[in-house]
Amino acid sequence: MIGSVWTRSTDGNQPPVDYETKVSLQLELLHEPKESSLKIAVLVKEVPDTYGDRKLNLETGLADRGASEAVLDEIGERALEVALTQKDSDGDTEVTVISMAPDTATATIRKGLAMGADNAVHVADESLAGADLGLTAEVLAAALRRGEYDLVVTGNVSTDGNGGMIPAMLAEHLDYPHVTGLSTVELADGKVAGTRGVEGGQQQVSAELPAVISITEALPEARFPNFKGIMAAKKKPFEVISLSDLDIDAEDQSVARSIMVTVAEKPPREAGEKVVDEGNGGVELAEYLTKNRLA
Amino acid sequence: MSEFPQDSILVVLTADAEGQLEKPAAELLGGAAEIGSPVALVLAAGSADAAAEKAAELGATATLTAAVTEGNLGTAAVDAVAAAAELTAPDAVLVPNTLDGRDIAGRYAVRSGSAVSVDATGLERDSEGIVAGHSVYGGGYTASSAPTFGAPIVTVRLGAIEARAEAQSANTQALDVADSGKRSAAIDSFEAVVETSSRPELRGAQKVVSGGRGVGSEESFELVGDFADTLGAAVGASRAAVDAGYIAQSHQVGQTGVSVSPQLYVALGISGAIQHKAGMQTSKTIVAVNKDGEAPIFDIADFGVVGDLFKVVPQAIESLNENKS
């Protein structure tokens with residue numbers, strides 16, 4: 001095979017002019033056999049809709065899931081959009097949505113399939129209620145190990161827990177590089193690269209696959225599922241697994257967990273003074289600020 | 001016998017490209033001093049001397065310095081934290097709740113099998129150990145978390161802790177760090193965002209002036225900046241204003257943007273959607289100007305002016321400037 005790219009030199013002592021090009025091309029071919037299509041896992045989360053009031057149960061400290069409408073977290077939808085964009089350019093890309101959620105979350109997760117993901121894995125187990133970040137990361141990492149994904153895509157922070165720590169925790173579990181907080185994502189040649197906004201500036205970062213990335217809401221909004229997608233979603237593989245499938249014991253006391261020790265609802269803020277501007281509103285505002293030593 | 005205090009609190013800090021200690025150092029060391037003896041770990045790509053000295057000035061009873069390879073994303077820092085924790089056996093590890101801080105904390109928590117508490121707004125010690133306070137669902141709830149056992153890894157919200165520690169005499173030692181060999185990403189280049197204004201940064205600012213959809217355009221958003229400059233405040237914005245393109249996303253206050261709790265929050269032309277309130281309702285004093293007297297922002301404002309912000313704000317600026325002179 002190698003012989004086919006060699007050409008004989010016309011000048012006995014010098015390599016042919018295109019020698020270098022062809023050799024390096026061949027080396028690339030040897031190092032990188034035909035690039036196979038990617039397997040991408042996208043982590044999605046069911047959260048209470050932030051456009052309504054959200055409640056915590058003051059007895060248990062757990063989210064009161066009945067108090068507000070449950071939706072797919074928008075940042076997770078954008079993460080899915082990143083994967084689907086890759087699938088648009090390479091139809092053989094396989095996109096899996098993975099979620100750890102109560103068993104009532106089926107419809108929310110199925111939305112990911114309707115948008116265009118190929119299959120879904122739903123980790124549902126009663127013993128996961130109130131799981132801390134450590135247990136959540138352990139469970140998601142175990143679910144990811146079953147699939148041997150090239151790329152794991154997550155949102156940077158969820159709107160409910162606001163932790164933003166799961167991506168790095170998964171990277172540590174899986175020994176993948178983490179590339180977090182990306183505002184742009186490029187996937188090529190077995191690498192993922194992008195722009196990462198940090199305190200004081202912007203980094204250009206990259207990592208060899210497999211890798212874990214998290215994205216910010218600077219990336220495009222997710223597509224809407226269309227009718228065809230919704231119909232197709234009903235036939236796509238939807239796997240529901242429990243902790244015993246992952247060989248994890250949520251109640252293992254030998255592992256340190258973070259527990260909520262108190263929870264209290266803050267008294268709502270009360271409306272203060274309200275004046276209607278009748279030509280003097282700016283002066284009144286200035287006086288208020290000065291009086292309260294805020295100017 | 002360890003040479004480090006029994007009640008050591010390991011505070012993970014980073015020196016910037018110029019070798020200066022990052023800003024959250026004062027509040028993290030201040031918070032650490034409330035619950036134990038602060039021991040700083042300074043991560044630096046170059047010389048850590050200046051940063052270590054500063055850490056002592058800000059209250060570190062001892063400072064460990066570790067060289068992190070420039071261009072390594074995250075894992076070298078985690079290796080250093082692991083080495084420092086092994087040496088000091090701390091009661092807690094505090095990390096700033098920034099993107100890098102959360103990555104370091106998350107990885108180290110997994111590696112060490114520690115419990116992690118994220119985005120703490122307060123720190124306490126009780127008879128069983130360290131307890132982190134949290135503000136949940138945009139300040140609608142307060143909660144506290146603690147580990148079932150062991151030292152917790154806590155990321156601390158910037159601008160949340162007011163305590164400051166007393167200066168200590170410098171006590172610095174270089175830390176030996178074993179490379180874990182974990183796969184990591186590379187930082188290929190860095191472009192500093194040049195501060196074009198002398199305005200304070202939004203995160204951690206003592207005063208914030210924010211504009212919303214009611215400001216109307218990118219050009220008229222300058223009025224928000226003018227008022228901010230008059231008050232020495234940072235500039236914020238609602239998601240509606242960012243989506244409309246009036247101002248960069250980095251200024252977004254709210255559920256999906258920056259959470260602030262300044263002494264003063266001024267909302268101009270912001271209706272006060274729950275999304276926005278979630279990022280600012282823990283502010284000490286809230287002032288609002290809005291044409292719509294029914295806007296929900298007035299329900300949480302300590303002082304509100306119902307009126308045209310393009311009349312009210314210039315008049316307020318003028319009035320404040322007169323008072324100053």
Side-chain angles (χ1 to χ4, degrees), chain A residues 50-51 53-54 56 61 132-134 137 159 162-165 168-169 171-173 175-181 198-207 217-218 255-266 269 271-277 281-286 288 290 292 294-295, chain B residues 73-74 98-100 102-103 106-107 109-111 113-119 131 136-137 140-150 182-193 231 249 255-256 264 274-275 281 285 298-307 312 315-316 319-320 323:
Chain A
T50 55
Y51 284 95
D53 267 323
R54 298 169 293 174
L56 277 184
D132 72 343
L133 286 166
T159 55
N162 238 331
M165 209 176 269
M169 296 179 93
E172 182 73 18
H173 273 296
D175 196 10
Y176 284 10
H178 68 261
V179 198
T180 45
V198 291
E199 311 288 310
Q202 291 200 319
Q203 300 169 337
Q204 296 302 321
V205 292
S206 62
E217 62 177 8
V255 186
R257 300 285 180 213
S258 178
I259 49 174
M260 218 184 238
V261 286
T262 63
V263 58
E265 188 166 7
K266 270 204 177 170
R269 279 188 93 103
E273 201 181 333
K274 184 162 82 175
V275 300
V276 176
D277 178 34
V283 175
E284 287 175 85
L285 173 55
Y288 176 84
T290 310
N292 290 285
L294 293 166
Chain B
L73 183 56
T98 57
L99 180 59
D100 283 328
R102 286 193 299 267
D103 288 348
R107 272 192 179 262
V110 169
R111 198 177 293 183
S114 309
V116 64
S117 286
V118 65
D119 200 22
V131 180
V136 186
Y137 284 171
Y141 292 82
T142 54
S144 58
S145 67
T148 50
F149 63 87
K182 288 270 181 184
R183 292 182 60 223
S184 67
I187 303 166
D188 302 317
S189 65
F190 174 72
E191 189 185 337
V193 173
L231 295 168
Q249 205 264 333
Q255 179 63 57
T256 52
L264 171 67
I274 288 170
Q275 274 266 0
Q281 66 186 355
T285 300
F298 288 122
D299 297 341
I300 59 164
D302 300 286
F303 187 81
V305 181
V306 182
V312 174
Q315 191 182 52
S319 177
L320 289 169
N323 289 350

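Throughout, protein chains are lettered first and strands after them, A, B, ... in sequence-line order, and every chain is numbered starting at 1. Everything numeric here is computed off the predicted structure, so don't read it as measured data.
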| said: If I take atom CD from residue A/Gln204 and atom CD1 from residue B/Ile187, how far apart are they, to the nearest 0.5 angstrom? | reply: 11.5 Å
| remark: Per-residue tally against chain B (heavy atom, under 4.5 Å) across A/Gly164, A/Ala295, A/Ser206 peaks at A/Ser206
| message | Nearest 0.5 angstrom please: B/Phe149 CZ to A/Arg257 CZ, how far? | response | 9.0 Å
| note | Checked B/Gly150, B/Ser114, B/Ala316 vs chain A; the most non-hydrogen pairs under 4.5 Å come from B/Ala316
| query | Just by modelled atom types, is the B/Val305 backbone N or O under 3.5 Å from a matching donor or acceptor in the A/Asp277 side chain? | reply | no
| Counting N and O atoms only, with roles assigned by atom type, does the side chain of A/Ser258 sit under 3.5 Å from a partner on the main chain of B/Ala115, one being a donor and the other an acceptor? | no
| remark: Answer key: most heavy-atom pairs under 4.5 Å with chain B among A/Ala137, A/Gly281, A/Ala207 is A/Gly281
| message | Minimum heavy-atom separation for B/Arg102 and A/Met165, please, with both atom names. | response | O-CG, 3.4 Å
| Taking every heavy-atom pair that is under 4.5 Å apart, which of A/Pro177, A/Gly272, A/Gly201 has the most such pairs with chain B? | A/Pro177
| Of the listed residues (A/Thr290, A/Asn292, A/Val276, A/Ile259), which shares the most heavy-atom pairs with chain B below a 4.5 Å separation? | A/Ile259
| task | Just do the side chain to side chain contact (heavy atoms under 4.5 Å, CB included) check on B/Phe303 and A/Leu294 with the steps written out, would you? | result | CA-CA 12 Å; B/Phe303 187 81; A/Leu294 293 166; over 6 Å; no
| request: Sort out for me which of B/Leu231, B/Val118, B/Asp100, B/Asp103 touches chain A most, counting heavy-atom pairs under 4.5 Å. | output: B/Asp103
| Side chain, backbone, both or neither of B/Glu191 within contact of chain A (heavy atoms, under 4.5 Å) | both
| query | If you count heavy-atom pairs under 4.5 Å between each of A/Gly163, A/Gly134, A/Ala218 and chain B, which one has the most? | reply | A/Gly163
| Out of B/Gln315, B/Arg107, B/Gln281, which one racks up the most heavy-atom pairs below 4.5 Å with chain A? | B/Arg107
| remark: Applying a strict 4.5 Å limit to non-hydrogen atoms, the region of B/Ala146 in contact with chain A is both
| message | Out of A/His178, A/Met169, A/Glu217, A/His173, return the one with the most heavy atom pairs under 4.5 angstrom to chain B. | response | A/His178
| said: Report which part of A/Tyr176 has an atom under 4.5 Å of a heavy atom belonging to chain B: side chain, backbone, both, or neither. | reply: both
| note | Cut-off 4.5 Å, heavy atoms of chain A, and the answer for B/Ser184 is backbone
| What residue in B/Pro147, B/Gly307, B/Ser117 has the most heavy-atom pairs under 4.5 Å with chain A? | B/Pro147
| remark: Given B/Val131, B/Asp188, B/Thr98, B/Val116, the one with more heavy-atom pairs under 4.5 angstrom with chain A than any other is B/Asp188
| request: Flag the one option from B/Ile300, B/Thr285, B/Leu99, B/Leu264 with the top tally of heavy-atom pairs under 4.5 Å to chain A. | output: B/Leu99
| task | Let me know if A/Val261 has heavy atoms under 4.5 Å from chain B in its side chain, its backbone, both or neither. | result | both
| message | Does any part of the side chain of A/Glu284, heavy atoms only, come nearer than 4.5 Å to the side chain of B/Val312, both counted from C-beta? | response | no
| said: Quick check for you: to the nearest 0.5 Å, what is the distance between A/Lys266 atom NZ and B/Tyr141 atom OH? | reply: 12.5 Å
